[in-house]
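Bear in mind that the values here come from a model prediction, so they are computed numbers and not experimental data. Residue numbering restarts at 1 for every chain, and letters A, B, ... go by the order of the sequence lines.
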Amino acid sequence: MGSYDFQKIEKKWQSYWKENRTFVAEKLSDKPKYYALDMFPYPSGKGLHVGHPLGYIATDIITRFKRLKGFNVLHPMGFDSFGLPAEQYAIRTGIHPAETTAKNISRYLEQMEALGFHYDPDAVLSTSDEDYYKWTQWIFLKLFKHWYNKAEEKAQPIEDLIAIFEKEGNANIVAATSQKEIFSADDWMGLDEKGHADILMNYRLAYNAYANVNWCPALGTVLANEEIKDGKSERGGHPVERKQMRQWMLRITAYADRLLYNLDNLDWSDSMKNMQSHWIGRSEGANITYDVDGVEDTITVFTTRPDTLYGNTFMVLAPEHDLVAKITTPEQQKEVEEYVTWAGSRSEKDRIADTTKTGVFTGGHAIHPLTGKKLPIWIADYVVITYGTGAIMAVPSGDQRDWDFAKKYDLEIVKVVEGGDDADAPYQPKDGIIINSEFLNGMVAKDAIGAMIDKLGEMGIGDKEVTYRQRDVIWSRQRYWGEPTPIYFKDGIAYPMDESELPLTLPEIDQYKPSESGEPPLSRAKNWKERPDGGLVDLNTMPGLAGSSWYFMRYPDAKNDEAFADRKIVDYWMPVDLYVGGTEHAVGHLMYSRFWTMFLHDMGEVSVEEPFTKLVNQGKIQGTSQLVLRKVEDGVQKFVSADMVSDAERADYAEIHVEVSMVQAQTLDLEEFKKDPMLEGKYEFITNAEGEFKTVPRAEKMSKSYYNTVDPVDICRDYGADTLRLYEMFLGPLEMAKPWNTDGITGVHTFLKRAFNLFINEQEEVIVTDEKATDEELKYLHQCIKKVEEDIERLAFNTCVPAFMVFAKEIGRLKCHKREILEPFLRVLSPFAPHFCEELWEKIGYKESILFSTYPTFEEKYLVESTINYPVQINGKVRAKIDAAADADKAAVEEIALGNETVQQWLEGKSPKKVIVVPGRIVNIVV
RNA sequence: GCCCGAGUGGUGGAAUUGGUAGACACGUUGGACUUAAAAUCCAAUGGCUAUUGCAGCCGUGCCGGUUCGAGUCCGGCCUCGGGUACCA
């Protein structure tokens, strides 16, 4: 046999698809569209490993399927090609990042082609292409030129805002803004250009401000919170510190409510929605203003539990709070200053590691707004300046942190919610009864919240308030390999560049690292940053998030140079019907993509507000590392087969990663291993009784440093792309994480060989006949079609594979080679094993690619059995089987069941209390 | 701590709305073909009891509940994975 020559077949069809431009989508069409998208990769120098294509295979299958179903399909691929690794490589080697990136991209494309992915060649894009980032800059300018009207929940041109300022000042404007002072029209008219610019900056959606940033000295740049893991940079693992810097920021908080409420209508997993809503972190409560004893100033706090105000016994400010200096008494000054300095020097990491509450008394007191009691004001770093107002009313009887603090510093505790008799714990459930609280006594806490807010409102010292956890995002990076910011400064005023000046391209520079004086790399550019009018171009570039926040809207019309995309074309294709990618982008990329899409919607540039209707998170494929056990004795390395080492002895051995390709079935190929250049000096091997050397497997991240990466191209060489595609799907549900192992790959490969033999005999002849199919054969066919069609629709690709296998086995058993059966089978299988099916499709006599064929519909009539074999349960246990006609009604089935001899024996003459017949399923008799 | 998700044979995993748990595959064992091996094909394969024949009992992390019937639903725990955190 061996006639299934997958290497030849796959090469042939890959070039056929390319030459015939089989996968170019119609930009506009009357046909329904289907847009499936993978999160585009960063083209790293390491290439793809078998974990990457999992999601790509899934989208490839569903789009091929949809195409057969008559949809106009878009399935593009691109590259998130701005980024740190290429830049760091450039710093080391002097090679331009564009060069490295281009090389990596072509390697990725080669690998992807080898897997049979059909990407639309007209839609391929890279975020670092000038004709792409032109539009990234264009959107940034739009953000700069707009403000967010909270009253209308919509972004509006900044000119509209100026018109209002000129007429009536800012008092009546409800906006997402960092502007705190109220001014009148006269005030506004009295300001100069710089004054206007400064105020407008507080309203712009892209704005420039001083911000406490995460500065990474090793990378010479600022990082977003999402780019930091455990106090270190996500890429590279360098330490990160806090620093005040002037930065571009995007006012994503303006969209917080829309980003939150729209989640309800998205077909995303619960955990994904959960992460997003938690990230936005909306909490409702009240702001309460306190007078400060002896000082002309007030403290405003945010609380979600105004009902516990009577339990408030002290105040806590963040150490960075503005008022700290004002209220600190001379006696306390030294201690407070020391604490502020100490707290400021603590890194993020220290604060996370250390949860003990520390603080110092300022000496000042606030006046309780209801009781008039003097409340001591403390500072403590468990109150953070960035959330709420940076100050809290401490209610130790209700809040764990306040409780701990009060206990530590011996502060008063007043119980305000009934119950909770544990003397060592705070207690304040929202359904508890309020006590010790004057007018609130006896109320349920959640009602008391409203009552208290009303009261505070009457007194003019408090109001309802909503606070968000989400922060505006810092949009400046002090890097080279990113989109330049199309803004220039003159006399301290930021001016947007004219759209005709876009793209603002990256200048050539001699070195890619920051300048000696700590300026961003772009400061090294000659004849670039200075403008004829004396302005200076901003030296920051945008973060990696920029290019990926809108790329899905570029694909449908990726070559357009008049607009980021033609309005009609984006509206036809958007939203993305299926977006597949990893969970790691839950709060980063996905949040900013939704934000930019909403913004462009407000601009009237696109119709949709939400870009991704359905989101699926593919599980990571982990590597399976192989470890050998080694002990060094008298300078000799002793390698011992793992099954010869008891658990107790295991600790004496070091575990050494070995290249996974040298291990088959947990057995190390010793001859190969001995060739390994890493194996130096004297060594010996201790094998088991069979003379084999066993390794220890361990599932961990697929990484070159663990010698556990598997190149998909290697698998394609050994088994073929079709086998790999089927196998990756067969491994388990798309969403599930799973370790890579090739143990089962022969199973799917055998299936393909078996299926091949249905068409071609050992003499390489086509043996397909035009005979009429029998009902039994048609039954297997239609069972397969039905199952696969339903499972593809619900993205259960894993269970499609067994359906194919059963078909091939049964049809093979029936020695059936009939066109009527095999031709539809090819169409059903083709999304999974496209090369295989194209080849046989051609062999049995079709000129056009199978992709221009149609998906066969299943015919119910072949699936209907004439009789149904019912299991009969008696008191829940299956005791007998009966046959009943498929169209028999419940009563008839019941009659047959009760008449059955075995059933009667089990009934022992007793009459049933109840008989339950589930049509087509089961009969249950209750005695 | 809090919020999600998951726990099923030796292994990966099926079981879509509660209806014969273990599909399909790997592995293992036995057999056919072969001088032999590979390849291919066939059979068995959750556990226990019985195996002369039918068969019976137990079984989806643990405990309890709802139901004629629970892997699936509810309550409480345990373990693992992911997210998140002085968020007031």
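In the set B:A15, B:U40, B:C86, the nucleotide with an atom closest to the side chain of A:Asp381 is B:C86. Relative to the side chain of A:Val384, the nucleotides B:G13, B:C4, B:C87 differ in distance, and B:C87 lies closest. Comparing B:C4, B:C24, B:U20 by their nearest atom to the side chain of A:Ser271 picks out B:C4. Considering only side-chain atoms of A:Arg921, the nucleotide from B:A25, B:U17, B:A88 that sits closest is B:U17. Proximity note for A:Lys738 (side chain, C-beta onward) versus B:C24, B:A14, B:G13: the nearest is B:G13. Counting only heavy atoms from C-beta on, A:Met805 has its side chain closest to B:A25 among B:A25, B:A15, B:C4. In the set B:A39, B:C57, B:C4, the nucleotide with an atom closest to the side chain of A:Lys753 is B:A39. Side chain of A:Val926, nearest nucleotide from B:U20, B:C86, B:C68: B:C68. Residue A:Asn274 places its side chain closer to B:C3 than to any other of B:G12, B:C87, B:C3. Closest contact between the side chain of A:Lys881 and the listed nucleotides B:A88, B:U20, B:C87 involves B:U20.
Nucleic acid contact for A:Val806: sugar-phosphate only, since backbone atoms but no base atoms lie under 4.0 Å from a heavy atom of the residue. Among the protein residues, A:Ser283 comes within range of the sugar-phosphate backbone only, with heavy atoms under 4.0 Å from sugar or phosphate atoms but none that close to a base. The residue A:Pro739 sits apart from the nucleic acid: no heavy atom pair falls under 4.0 Å. A:Asp402 comes within contact range of no nucleotide atom at all, as no heavy-atom separation falls under 4.0 Å. Contacts of A:Phe730 with the nucleic acid, taken as non-hydrogen atoms under 4.0 Å apart, include base atoms. Within 4.0 Å of A:Met736, counting heavy atoms only, lie sugar-phosphate atoms of the nucleic acid but no base atom.
Atom CZ of A:Phe302 is separated from atom P of B:A88 by 7 Å (rounded to the nearest Å). Atom CE of A:Met275 is separated from atom C1' of B:C2 by 14 Å (rounded to the nearest Å). Straight-line distance from the CZ atom of A:Arg813 to the C1' atom of B:A43: 15 Å, rounded to whole Å. Between A:Phe751 atom CZ and B:C41 atom P the separation is 13 Å, expressed in whole Å. Computed from coordinates, the A:Gln618 CD to B:G5 P distance equals 20 Å when rounded to whole Å. Between the CH2 atom of A:Trp403 and the P atom of B:A88 there is a distance of 20 Å, rounded to whole Å. Computed from coordinates, the A:Lys877 NZ to B:G19 C1' distance equals 15 Å when rounded to whole Å. Following rounding to the nearest Å, A:Asn869 (CG) and B:U20 (C1') show an atom-to-atom distance of 10 Å.
For the pair A:Lys753 and A:Tyr4, the cation does not sit on the ring face, since its NZ or CZ is not both under 6.0 Å from the ring centre and inside 45° of the axis. For the pair A:Lys738 and A:Trp740, the cation-pi test (distance below 6.0 Å, angle within 45°) is failed.
When the P atom is used for both B:A70 and B:C48, the distance is 25 Å, rounded to whole Å. B:U11 and B:G64 have their P atoms separated by 26 Å, with the value rounded to a whole Å. When the C1' atom is used for both B:G71 and B:G18, the distance is 10 Å, rounded to whole Å. On the P atoms, B:C41 is 39 Å away from B:C62, given to the nearest whole Å. Using atom C1' as the reference point in both B:C78 and B:G27, the two lie 31 Å apart (nearest Å). Nucleotides B:A85 and B:C2 place their C1' atoms 8 Å apart, quoted to the nearest Å. As rounded to the nearest Å, B:G69 and B:G65 have P atoms that lie 12 Å from one another. Nucleotides B:G75 and B:G56 place their P atoms 36 Å apart, quoted to the nearest Å.
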**Study point:** Derivation and outcome, ring-ring contact (aromatic ring centres under 6.0 Å, His included), residues A:His749 and A:Tyr727
**Key:** CA-CA 8 Å; A:His749 193 63; A:Tyr727 184 57; over 10 Å; no

Check your understanding: Hey, mind stepping through A:Asp791 and A:Lys787 against salt bridge (charged side-chain N to carboxylate O under 4.0 Å, His left out) and telling me if it holds?
Key -> CA-CA 6 Å; A:Asp791 286 358; A:Lys787 174 83 177 147; 3.1 Å; yes

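Contact of A:Lys913 with B:C68 (side chain to base): no donor-acceptor pair of N or O atoms is detected under 3.5 Å. The base of B:U16 sits with one of its N or O atoms less than 3.5 Å from a complementary donor or acceptor on the side chain of A:Lys787.
Proximity of A:Lys914 to the phosphate of B:C68: a side-chain N or O atom is located under 4.0 Å from OP1 or OP2. Residue A:Asn924 places none of its side-chain N or O atoms closer than 4.0 Å to OP1 or OP2 of B:G19. Taking 4.0 angstrom as the limit, A:Arg754 places a side-chain polar atom (N or O) nearer than this to OP1 or OP2 of B:C41.
Comparing A:Ala796 and A:Ile916, the nucleotide of RNA chain B nearest to each residue sits closer to the 5' end for A:Ala796.
Taking the syn range as angles within 90° of 0, the glycosidic angle of B:G9 is syn.
Here the two rings, on A:Phe832 and A:Phe804, have centers that are under 6.0 Å apart.
Nearest heavy atom pair, residue A:Thr298 against residue A:Leu323, reads O-CD1, 3.2 Å.
B:A55 and B:U49 make up a base pair, with Watson-Crick or G-U wobble contacts both under 3.5 Å. With both pairing distances under 3.5 Å, B:A43 is matched to B:U29 as a Watson-Crick or G-U wobble pair.
Judged by distance alone, the side chain of A:Arg305 and the main-chain N or O of A:Gln428 form a donor-acceptor pair under 3.5 Å. Side-chain N or O atoms of A:Tyr870 include none that pairs as donor or acceptor with a backbone N or O of A:Ala880 at under 3.5 Å. No side-chain donor-acceptor contact under 3.5 Å links A:Ser277 to the backbone of A:Leu260.
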